[in-house]
Chemist: 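Got a structure for you, questions after.
Counting convention: from 1, in listed order, for ligands and their atoms alike. Note that these values count all heavy atoms, side chains included, but never hydrogens, waters or copies made by symmetry.
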Amino acid sequence: MKILKSEAVNVAERVRLNQHKVVSHRIYDYIIIGAGSAGCVLASRLTEDPTVKVLLLEAGGKDTAKEIHIPVAFSKLFKGPNDWAYYTEPEGRLGNRRLYWPRGKVLGGSSSLNAMIYICGHRTDYDQWCDLGNPGWGYSDVLPYFKKAENNQNGASEYHGASGPLHVSNPRSLNPLSEVFVEAAEEAGFKRNPDFNGATQEGLGVYQVTQWQGRRNSAAAAFLRPAMLRPNLTVRTNVQAFKILFEGKPAALVSFQDGNVSKQERAEREIIVCGGAIGSPQLLMLSGIGPAEHLRTLDIPVHCDLPGVGANLQDHPALPVAYECAQPISLARAETITNLIRYMAFKTGPLTSNVGEAGGFVRTSTSCPTPDVQYHFAPGYFIEHGFQQIKEDAYSFGPTLIRPNSRGRIALRSSNPLDLPLIHPNYFDDPRDMQAVIEGLRIARAIGETNAFAKYRKCELCPGPGIKNDEKSLSGYIEKNAQTLYHPVGTCKMGPADDELAVVDSELRLHGVECLRVVDASIMPIIPGGNTNAPTIMIAEKAADLIKSGPRKAQQEPVLSQALA
Ligand SMILES: Cc1cc2nc3c(=O)[nH]c(=O)nc-3n(C[C@H](O)[C@H](O)[C@H](O)COP(=O)(O)OP(=O)(O)OC[C@H]3O[C@@H](n4cnc5c(N)ncnc54)[C@H](O)[C@@H]3O)c2cc1C
């Protein structure tokens, strides 16, 4: 049912005041909030036990848009009905620009509109998580969960699984420019890497993608759809959770709008928040869990003072480098009737492209112990999230900073759950971040100038001949052109109780609140050096085992207050 914004605001206010609620008679063991990468995995794994009843609530709708499933079309989803379309607050070091942050608002969450690149991250990422006081999260602990989720086209190995639900495939119709990029990188002195998720991450090559037979394999397609056939899983779409309610210490009820009434559902065992790095801290704060001072300024009663909620925000900023292409072979020519027929009939051709077909990982200085910059090569003009269009053929690639030292935060704009939260990424707050990206830009240009590209390179479009390679020119370019590479994490940090910014413990249970967990990209204490979808899926796989092996909640007293209209 469509809800008018004015109606929704009234319902939101009633939820806030806990008025006019309808308490359901249904009994669920777990309520999962958010059907994104993590929520879909959890819903699937928890309902493997037919005695366990799960309710999955998703603020967005069903994943029916064709642009979700045709890989090359993903950027056409931006700013549409399946996108939260967040904007950051003005970024001080980026000329006070407000940066656009797409996030999935649909079954599958951001895995339904991401670029499908399958990267697990560097082994030291997880060893670092473990060293920060999170036992069970070292590389050797988490590798089995990556493998459990994975169904790799190249088969099982020490590093890969081949019998999980998530299809990981080689590109079906690699653009010739992507192969040229890898040859150019070799010419510039970088190693070719045939498997970024194998023994070493470093080097350049072609990405594997989360696709199955030429279609996107989102977390919804891989995990949720098969599980939806089970009678013990209820999935509700277009339902945004507004608040978690408590009975004493434990979290017990979830409040949401349904049409023009406010409803509540009860979880007998646990409520699991999977709203992503923006949605999860927002919901916790709306429920009175977060920095007490901030909540009080918004008249939100404090249930648990947890200063880390919304803090520790980390993301991967990226810079564009693009060339006009002298040959008519780029993705600018992808959208033809012939290619559409080829796609419909055989699921091959340029419409299967994930745009960021090739790339890899480099160290910008010999003092870096691990790669600090990643490249994403697109055989087309992919600038400003694909919104900038040109008629000419082009190819683009640029440095993405994958080990940022800067930290930002998410805060509430108001106590109204329909108000999008305030996002302060704080990009380049730490000067080391600027230095790494400057080096990354120089390396990109060196690759762009190789002989391998000679017969394709017409001219450099970005940064363009007006921007020299000196530090001042490149930092000016960064200030005007840095964008997100879509990987916000860390806002409900996992850590021990004596870490003042920790929100969840190593079993992803809230510090100081019972029967409540957070399971998604927000729990990452440090952002992994690579794309974040596979790591989020791994987190949910591991969380499912932790939840299954945990003690059962004591039997609740029968609910007294039913159906208060
Ligand atoms: C454009 C784009 C490109 C990307 N490309 C890649 C890539 O190529 N490879 C890669 O590895 N990663 C990529 N990523 C990142 C990756 O997709 C995310 O890190 C991952 O999906 C995060 O998963 P999550 O479960 O934490 O959050 P999400 O998948 O975002 O899920 C959160 C879900 O919760 C719902 N929700 C939030 N609040 C509420 C509420 N109050 N009530 C009910 N529902 C709620 C949301 O609607 C959403 O469906 C990309 C992301 C984007 C946006």
Chemist: For the pair R97 (side chain) and E91 (backbone), establish whether a donor and an acceptor sit closer than 3.5 Å, ignoring hydrogens and angles.
Modeler: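 Looks like no, no N/O pair under 3.5 Å.
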Chemist: Should the proximity of T536 to ligand 1, defined as any heavy atom under 4.0 Å, be assigned to the side chain, the backbone, both, or neither?
Modeler: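 Within the 4.0 Å criterion, T536 contacts ligand 1 through side-chain atoms alone.
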Chemist: What protein heavy atom sits nearest atom 19 (O) of ligand 1, and how far away is it?
Modeler: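 For atom 19 (O) of ligand 1, the nearest protein heavy atom comes out as T532 OG1, 2.7 Å.
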Chemist: Using the six-membered ring wherever Trp is involved, compare the ring planes of W137 and W129 and label them parallel, tilted or perpendicular (cut-offs 30° and 60°).
Modeler: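 Judged by the thresholds at 30° and 60°, the geometry between W137 and W129 is tilted.
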Chemist: Just checking H385 against Y486, ring centres under 6.0 Å apart?
Modeler: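 When the ring centroids of H385 and Y486 are compared, they turn out to be within the sub-6.0 Å range.
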Chemist: Students often mix this up, so state it plainly: with edges at 30° and 60°, are the rings of F74 and F382 parallel, tilted or perpendicular?
Modeler: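 F74 vs F382 ring planes: tilted.
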Chemist: Strictly under 4.0 Å, does any heavy atom of I119 approach an atom of ligand 1?
Modeler: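 No, I119 has no heavy atoms under 4.0 Å from ligand 1.
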Chemist: So for ligand 1, is N533 a polar contact partner (N or O within less than 3.5 Å, distance only)?
Modeler: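 By distance alone, the answer is yes.
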Chemist: Counting each atom of ligand 1 from 1 as listed, which ones have a heavy atom of L113 under 4.0 Å away?
Modeler: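 Taking each heavy atom of L113 in turn, ligand 1 has 1 (C), 2 (C) under 4.0 Å.
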Chemist: Tell me: protein heavy atom nearest atom 27 (O) of ligand 1, and distance?
Modeler: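 Sorting protein heavy atoms by distance from atom 27 (O) of ligand 1 puts G276 CA, 3.5 Å first.
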Chemist: Show me the pairs that pass salt bridge (charged side-chain N to carboxylate O under 4.0 Å, His left out) and involve residues 66-78, at least two apart or across chains.
Modeler: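 Non-adjacent pairs meeting salt bridge (charged side-chain N to carboxylate O under 4.0 Å, His left out): K76-E335.
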Chemist: From the options S112, G356, A59, select the one whose nearest heavy atom is closest to atom 43 (C) of ligand 1.
Modeler: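 Considering heavy atoms of S112, G356, A59, the nearest to atom 43 (C) of ligand 1 sits in A59.
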Chemist: For atom 49 (O) of ligand 1, what's the nearest protein heavy-atom neighbour? Residue, atom name and distance, please.
Modeler: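 So the nearest neighbour among protein heavy atoms is E58 OE1, 2.7 Å.
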Chemist: Closer than 4.0 Å to some heavy atom of S111 - which atoms of ligand 1 meet that?
Modeler: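 What qualifies from ligand 1 is 21 (O).
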Chemist: Against heavy atoms of V106, which atoms of ligand 1 measure under 4.0 Å?
Modeler: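 Answer for ligand 1: 49 (O).
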Chemist: Specify whether H167 and W212 have parallel, tilted or perpendicular ring planes, treating 30° as the upper limit for parallel and 60° as the lower limit for perpendicular.
Modeler: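 Correct class here is parallel.
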Chemist: For atom 26 (O) of ligand 1, find the nearest protein heavy atom and state the residue, atom name and distance (0.1 Å precision).
Modeler: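 Residue, atom and distance for the closest contact: A521 N, 3.0 Å.
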Chemist: Can you find a non-hydrogen atom of V489 under 4.0 Å from ligand 1?
Modeler: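 Distance cut 4.0 Å: V489 fails for ligand 1.
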Chemist: Which pairs, with at least one residue in residues 272-290 and sequence neighbours excluded, count as a side chain to side chain donor-acceptor pair (under 3.5 Å)?
Modeler: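 Applying side chain to side chain donor-acceptor pair (under 3.5 Å) to every pair that reaches into residues 272-290, excluding sequence neighbours, yields S280-D520.
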Chemist: Within less than 4.0 angstrom of ligand 1, does F78 place any heavy atom?
Modeler: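 Right, F78 reaches ligand 1.
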Chemist: Do Q314 and N312 have a side chain donor and acceptor closer than 3.5 Å?
Modeler: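 Q314 vs N312: donor-acceptor pair found between side chains.
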Chemist: Looking only at heavy atoms, is any part of L107 under 4.0 Å from ligand 1, and if so is it the side chain, the backbone, or both, or is it neither?
Modeler: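 Neither; nothing of L107 gets under 4.0 Å from ligand 1.
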Chemist: Would you say ligand 1 has an N or O under 3.5 Å from any N or O of M116?
Modeler: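 Among all N and O atoms of M116, at least one is under 3.5 Å from an N or O of ligand 1.
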Chemist: Whether R403 and D125 form a salt bridge (side-chain N of Lys/Arg under 4.0 Å from carboxylate O of Asp/Glu) is what I want to check.
Modeler: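 Yes, charged N to carboxylate O under 4.0 Å.
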Chemist: Should Y118 be listed as contacting ligand 1, given a heavy-atom distance under 4.0 Å as the test?
Modeler: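 No heavy atom of Y118 comes that close to ligand 1.
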Chemist: Kindly determine whether D315 and T484 satisfy side-chain hydrogen bond (donor to acceptor under 3.5 Å, both in side chains), including the steps that lead there.
Modeler: CA-CA 7 Å; D315 187 27; T484 177; 2.6 Å; yes
Chemist: With distance as the sole test, does T88 use its side chain to make a donor-acceptor pair with the main-chain N or O of L99 at under 3.5 Å?
Modeler: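 Between the backbone of L99 and the side chain of T88 there is a qualifying donor-acceptor contact (under 3.5 Å).
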Chemist: Just to be sure I read this right, does ligand 1 sit under 4.0 Å from the backbone of L485, its side chain, both, or neither, counting only heavy atoms?
Modeler: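 Neither; nothing of L485 gets under 4.0 Å from ligand 1.
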Chemist: Under a 4.0 angstrom heavy-atom cut-off, which atoms of ligand 1 come close to A115?
Modeler: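 Selected atoms, number and element: 3 (C), 4 (C), 5 (N), 6 (C), 7 (C), 8 (O).
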Chemist: Examine F74 against ligand 1 and note whether any of their N/O atoms are separated by less than 3.5 Å.
Modeler: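 There is no such contact.
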Chemist: So for G39, does at least one of its heavy atoms come nearer than 4.0 angstrom to any atom of ligand 1?
Modeler: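 Contact absent.
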Chemist: What I'd like to find out is whether the side chain of Y118 reaches to under 4.5 Å of the side chain of E150, using heavy atoms alone.
Modeler: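 Of all side-chain heavy-atom pairs linking E150 with Y118, at least one is under 4.5 Å.
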Chemist: What atoms of ligand 1 come within less than 4.0 Å of a heavy atom belonging to I33?
Modeler: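 The atoms of ligand 1 under 4.0 Å from a heavy atom of I33 are 40 (C), 42 (N), 43 (C).
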Chemist: Which residue supplies the protein heavy atom nearest to atom 9 (N) of ligand 1, what is that atom called, and how far is it?
Modeler: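 The closest heavy atom on the protein side is I117 O, 2.9 Å.
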Chemist: Check each heavy atom of C274 against ligand 1 and say whether those closer than 4.0 Å belong to the side chain, the backbone, both or neither.
Modeler: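 Just the backbone.
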Chemist: If the cut-off is 4.0 Å to any non-hydrogen atom of L57, which atoms of ligand 1 fall inside it?
Modeler: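 Listed by number with element: 43 (C), 44 (N).
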Chemist: Decide, yes or no, whether a salt bridge links K263 with D258 under the criterion of side-chain N to carboxylate O below 4.0 Å.
Modeler: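 Counted as a salt bridge, because a side-chain N and a carboxylate O are separated by less than 4.0 Å.
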Chemist: Please could you name the atoms of ligand 1 that G104 approaches to less than 4.0 Å, counting only its heavy atoms?
Modeler: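 It comes down to these atoms of ligand 1: 46 (C), 47 (O), 48 (C), 49 (O).
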Chemist: Under 4.0 Å from a heavy atom of W84: give me the atoms of ligand 1 that qualify, with their elements.
Modeler: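 Listed by number with element, the hits are 37 (C), 46 (C), 47 (O).
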Chemist: Does A241, backbone or side chain, put an N or O under 3.5 Å from an N or O of ligand 1?
Modeler: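 There is such a contact, yes.
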Chemist: Are Y126 and Y145 near enough that their ring centres are under 6.0 Å apart?
Modeler: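 No, ring centres 6.0 Å or more apart.
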Chemist: Is K105 close to D83 at the side-chain level, that is, under 4.5 Å between some pair of heavy atoms?
Modeler: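 D83 does not reach K105 side chain to side chain.
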Chemist: At what distance is the nearest protein heavy atom to atom 25 (O) of ligand 1, and which residue and atom is it?
Modeler: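 Checked against all protein heavy atoms, atom 25 (O) of ligand 1 sits closest to A38 N, 3.0 Å.
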Chemist: Check the pair N170 / Q208 against side-chain hydrogen bond (donor to acceptor under 3.5 Å, both in side chains), numbers first and verdict last.
Modeler: CA-CA 5 Å; N170 301 316; Q208 283 200 298; 2.8 Å; yes
Chemist: Suppose we measure from atom 20 (C) of ligand 1 to each protein heavy atom; which comes out shortest, and what is that distance?
Modeler: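 Minimum-distance protein heavy atom for atom 20 (C) of ligand 1 reads S37 OG, 3.4 Å.
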Chemist: Students often mix this up, so state it plainly: with edges at 30° and 60°, are the rings of Y395 and F397 parallel, tilted or perpendicular?
Modeler: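 Rings of Y395 and F397: parallel, under 30°.
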Chemist: Just need the protein heavy atom nearest to atom 29 (O) of ligand 1, so name the residue and atom and give the distance.
Modeler: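 Atom 29 (O) of ligand 1 sits closest to the protein heavy atom S110 N, 2.9 Å.
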Chemist: Are any of the N/O atoms in N114 less than 3.5 Å from those in ligand 1?
Modeler: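 Yes, N114 has an N/O under 3.5 Å of an N/O on ligand 1.
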Chemist: Looking at Y100, is K79 sitting on its ring face, NZ or CZ under 6.0 Å from the six-membered ring centre and within 45 degrees of the normal?
Modeler: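 Cation-pi check for K79 and Y100: passes.
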